[in-house]
Amino acid sequence: MNQWILQCRPGFENECLAEIITKSPQLAQQGTLGHEGGWLAVPLTSPLSPWQAAESIPYRQLAFTRQSFAAIAWLQELTAGDRLSPLQGVLAQLTMPVQDIWLETPDTNPGKGLQALARALEPGLRQFMQEKNLLSADSPYRLHLLVLTSTSILLGVSHRDHSSPNPMGIPRLRLAKEAPSRAALKLEEAVHHFLSPEERKKALRPGLHAVDLGAAPGGWSWYLCQQGVKVIAVDNGPLQPALAASPLITHLREDGFAYTPRRPVDWLCCDMVEQPRKVAALVGRWFAAGHCRHAIFNLKMPMKKRWQELQLCETLLQKSVQKPGKTLHISFKQLYHDREEVTGYVHIG
């Protein structure tokens with residue numbers, strides 16, 4: 001099969017495809033969207049194989065793609081009496097071992113209903129792979145089985161450097177009881193996606209300073225405080241009482257779009273409900289004025305022309321800093337906890 005399989009948030013299949021076509025038009029001009037949503041198959045129109053396609057556009061540079069892999073087979077019309085035999089027939093033809101087996105489903109209600117079936121297939125597949133010496137902890141590859149229906153399964157392989165480190169592209173994060181809101185998971189996922197462990201140690205450590213615009217009730221401010229960061233929380237609304245009492249928090253009841261810090265800070269965080277381009281322009285002004293070194297922010301995407309809006313926001317940000325020796329590094333990702341949003345990360349170097 002000469003197809004590249006991409007998984008995404010249901011309802012964003014068109015944006016996922018539009019981004020691929022825009023960023024690498026020589027690879028694809030069309031795609032087959034998943035019937036129930038949450039995935040698409042991109043037939044490659046260039047001589048590149050799916051492996052080369054995945055390497056040509058790194059996973060982390062794709063905003064709307066959660067997970068990706070090169071398809072090796074699409075088994076359809078499987079029977080309930082024996083699904084393992086056809087799967088084993090395909091896997092016996094693998095020419096290299098894989099590090100692990102990931103049983104995945106589309107992130108839809110019908111997909112969730114298939115997770116029990118996926119789990120039931122795993123023991124038999126794992127035993128078969130071990131007997132054939134097709135499992136190795138040293139392998140850089142992963143085997144994906146995307147269960148689409150009870151009779152249809154896509155099989156593929158990904159390289160760990162060109163795909164998400166999480167099955168289905170969904171990290172397993174747990175909300176702490178003391179967190180003011182689920183927004184804390186949104187920032188935690190963003191930090192883990194955009195920053196490596198080494199970068200997190202340097203960029204998020206005790207004693208640094210951050211401004212959290214649109215802070216109430218305080219999910220993002222709470223997460224920053226857990227890292228020992230001192231936070232100026234800007235919002236006309238109230239913070240959770242326990243968080244407001246923290247010695248690391250200064251709560252200012254002000255308009256986030258009007259506020260500017262008295263001195264530069266390490267981080268700007270922004271989760272305000274406003275037009276994406278207005279938020280992008282605000283972040284750009286902060287960098288142009290030298291108010292911050294890093295920023296994580298959410299863009300509440302409109303229902304129409306979401307990919308075009310994201311491109312516009314990136315252009316606004318790039319134009320904000322045009323100084324010799326200064327480069328604005330911009331990344332976007334629609335994270336699992338984002339829902340109808342896209343998270344941006346910007347730092348200057």
Side-chain angles (χ1 to χ4, degrees), residues 6-10 12 15-16 19-20 23 38-39 54-55 57-69 100 102 104 107 140 142 144 158-176 179 181-205 208 210 212 219-224 226-227 229 266-271 276 279-280 283 292-301 306-307 310 313-314 317 328-349:
L6 309 177
Q7 292 169 263
C8 63
R9 174 172 291 282
F12 283 79
E15 286 75 20
C16 186
E19 182 178 19
I20 292 293
K23 291 188 174 180
W39 67 280
E55 294 175 4
I57 310 180
Y59 156 79
R60 292 187 177 277
Q61 293 182 12
L62 296 173
F64 293 102
T65 296
R66 282 186 183 172
Q67 183 60 279
S68 67
F69 60 85
D100 203 357
W102 283 0
E104 303 175 316
D107 186 27
R142 304 187 187 98
H144 297 256
S158 71
H159 192 287
R160 64 188 176 198
D161 293 338
H162 306 295
S163 58
S164 170
N166 304 297
M168 299 168 59
I170 300 176
R172 303 304 173 185
L173 303 177
R174 181 173 296 179
L175 184 68
S181 68
R182 291 189 61 81
L185 292 178
K186 196 185 302 183
L187 183 55
E188 181 180 2
E189 183 184 358
V191 167
H192 281 259
H193 174 78
F194 291 118
L195 280 74
S196 68
E198 294 74 21
E199 290 170 333
R200 293 197 292 271
K201 289 179 182 179
K202 295 179 180 178
L204 279 172
R205 64 180 190 273
L208 296 185
D212 182 9
W220 285 30
S221 292
W222 176 85
Y223 177 79
L224 292 167
Q226 299 307 299
Q227 319 311 310
V229 177
D266 300 288
W267 281 91
L268 165 65
C269 292
C270 178
D271 191 18
V279 173
V283 174
C292 62
R293 296 190 300 116
H294 303 264
I296 287 181
F297 52 96
N298 264 357
L299 301 175
K300 318 296 182 182
M301 303 308 294
R306 293 180 287 204
W307 168 234
L310 192 60
C313 289
E314 182 171 5
L317 286 163
L328 211 59
H329 302 277
I330 304 170
S331 300
F332 292 109
K333 200 72 177 181
Q334 186 178 38
L335 303 170
Y336 174 70
H337 293 93
D338 272 342
R339 298 184 181 178
E340 301 295 319
E341 307 154 325
V342 170
T343 295
Y345 169 56
V346 176
H347 67 282
I348 198 164

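A side-chain donor-acceptor contact under 3.5 Å links Arg9 to the backbone of Tyr336. The backbone N or O of Arg339 sits less than 3.5 Å from a side-chain atom of Gln334, completing a donor-acceptor pair. For the pair Asp266 (side chain) and Leu208 (backbone), a donor-acceptor distance under 3.5 Å is absent. Counting only distance, with no hydrogens or angles, the side chain of Glu104 and the backbone of Pro167 share no donor-acceptor pair below 3.5 Å.
Note on ring orientation: taking the six-membered ring where Trp is involved, the planes of Trp102 and His144 are perpendicular (angle over 60°, cut-offs 30° and 60°). Ring pair Trp307/Phe64 is perpendicular by interplanar angle, where above 60° counts as perpendicular and below 30° as parallel. By the 30° and 60° cut-offs, the orientation of the rings of His159 relative to His162 is tilted. Note: His347 and His329 have parallel aromatic rings, judged against thresholds of 30 and 60 degrees for the angle between ring planes.
With respect to Phe297, the side-chain contact (heavy atoms from CB on, under 4.5 Å) criterion is satisfied by exactly one of Pro276, Cys269, Cys313, Cys270: Cys270.
Closest approach of Ala183 and Trp220 over heavy atoms only: O-NE1, 3.1 Å. Summarising the geometry of Phe332 relative to Leu317, their closest heavy-atom pair is CZ-CD1, 4.0 Å, with the distance given to 0.1 Å. Between Gln67 and Asn166, the closest heavy-atom pair is NE2-O, 3.0 Å.
For the atom pair His337 NE2 and Thr343 OG1, the distance stands at 11.0 Å (nearest 0.5 Å). For the atom pair CG (Leu335) and CD (Glu188), the distance works out to 11.5 Å, reported to the nearest 0.5 Å. Here CD of Glu340 is found 13.5 Å from CG of Leu299. Values are rounded to the nearest 0.5 Å. The CH2 atom of Trp267 lies 12.5 Å from the CG atom of Asp212; values are rounded to the nearest 0.5 Å. Expressed to the nearest 0.5 Å, how far NZ of Lys186 lies from CG of Asp271 amounts to 4.0 Å. Rounding to the nearest 0.5 Å places NE2 of His294 at 8.0 Å from CG of Leu204.
Under 4.0 Å is where a charged nitrogen must lie from a carboxylate oxygen, and between Glu189 and Lys333 no such pair does. Salt-bridge annotation for Asp107 and Arg66: present, with a side-chain N of the basic residue lying under 4.0 Å from a carboxylate O of the acidic one. Ionic pairing of Arg60 and Asp161 is not present here: no N-O contact between side-chain nitrogen and carboxylate oxygen is shorter than 4.0 angstrom.
Counting heavy atoms from C-beta on, the side chains of Val342 and Arg306 never come closer than 4.5 Å. Two residues are said to be in side-chain contact when any heavy atoms from C-beta on lie closer than 4.5 Å; Gln227 and Leu224 fail this criterion. Counting heavy atoms from C-beta on, the side chains of Phe69 and Ser163 never come closer than 4.5 Å. The shortest distance between side-chain heavy atoms of Leu195 and Tyr345 falls below 4.5 Å.
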